[in-house]
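Remarks on the structure that follows.
Everything quoted here is computed from the prediction, not taken from an experiment. All ligand and atom numbering here is 1-based and tracks the order in the structure.
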Amino acid sequence: MRFETLAIHTGERPDAAFGAVSAPIYQTSTFAFKDVGKTRGYDYSRSANPTRKVLEDTIAQLEGGKAGFAFATGMAAEATVIHLLKVGDHVISGDDVYGGTYRLFQNVMRDFGLEFTFLRMDNREKIEQAIKPNTRMLWLETPSNPLLNITNLEMAVDIANKHKLMTVIDNTFATPYFLKPIEYGVDLVVHSTTKYLNGHCDVVGGAVVTTTDELTERVQFLLNAMGTCASPFDCWLVLRGIETLPVRMRQHEDNAFAVANYLLGHPGVKRVLYPGLESHPGYEIAKRQMMGFGGVVSFELKEGIEAVNSFLRRIKVFSLAESLGGVASLAEHPATMSHASMPKDYREKVGITDELIRLSVGLENIDDLIEDLGQALEPG
Ligand SMILES: *Cc1c(COP(=O)(O)O)cnc(C)c1O
């Protein structure tokens, strides 16, 4: 079956008990045993839950992996995955990853004896030079947040295989509809399902997809041991979102292209970052590696922070809010919002300037979105 069909029919749907077409929400903490020592497949919802299982199977199918796991948030998924490592292990991570990922690594896991090197993942020599005897993991994010830099997965996986490193990719921005990292040989896929997979800004959630029995067993163990799993109701919301993922992603992309092209022609705009633009440094790789370019567009204004604030105060259809990937358009200021956890000099070094604005282009009528940007960009 193909993507659109899998998104709607994977897992026990209709359900075995009564044929409910929508996966039932098993809002229960515990399950009665059939007999002493004999369950009906489930014993306690932290370990596993039937609603969560439908979501986990669906995400695993869409990514083409072995097994899926659903977490309370994207950060819960990442925190669990980083616990695959041990004291003294070294991780090479993209330098422009999600702000919360950077914070987890730099301000939490470092204190537990993990080492991190943050690098732009665009150059084989640079990555290979950073590899040390204790390097265990390459942490990738492509397109990255908020600069939409593209990592060449063929190159990254080739380096990882040569040096026996585990590869993890945060596939939140592209979603499996536009990028299938496992086809490139990536070991683990993580998601903030809060974003496109759910798609409606009404839940926070995360996911992990594994590619081997060993990783599956280990992630299941950690999820249960750490208690980082998602609630049944949240899983149901994400499941409902995923059913429309393909149509939403196609429209997000159409609208994002129109917004990017509009901004490109606007006299107040200094620079537009969208991997679908030929001017984008990652365009050629993105075109080859992805089935679409996604719905996030970042841009810099020519005028400084005053103009940024005026723009953010004037938008009406776009809401000034963190997050992305929902049907409603959002605008945010990475320097003070999503990436405020990065120190200023680090932010500037990687290119997240004070003038940078990130748009999550939603599914409203494109003329209304362009008109809104136009009025918000007017000088004065
Ligand atoms: C939002 C986000 C996360 C964190 O997910 P939460 O659900 O907010 O915990 C991780 N990675 C990326 C790329 C994100 O956009």
Next item on the list: Below 4.0 Å from any atom of ligand 1, which residues have a heavy atom? Give them in chain and number order, please.
Entry: T73, G74, M75, E78, Y98, E141, N145, D170, T172, F173, S192, T194, K195, G205
Note to self: Less than 3.5 Å apart, any donor N or O on the side chain of D57 or Q61 sitting next to an acceptor on the other?
What the structure shows: no
Item checked: Results of side chain to side chain contact (heavy atoms under 4.5 Å, CB included) for P50 - residues two or more places apart only -> Y26, F31, Y42
Note to self: Between D158 and R124, does any side-chain N to carboxylate O distance fall below 4.0 Å?
What the structure shows: yes
Margin query: Taking salt bridge (Lys or Arg N to Asp or Glu O under 4.0 Å) as the definition, give me every residue that meets it alongside E115, ordered by chain and number, with sequence neighbours left out.
Written below: K132
Next item on the list: Determine which pairs satisfy salt bridge (charged side-chain N to carboxylate O under 4.0 Å, His left out) with at least one residue from residues 8-33, sequence neighbours left out, and list them in order.
Entry: R13-E243
Notebook entry, point to check: Is the gap between the ring centers of F116 and Y102 under 6.0 Å?
Noted result: no
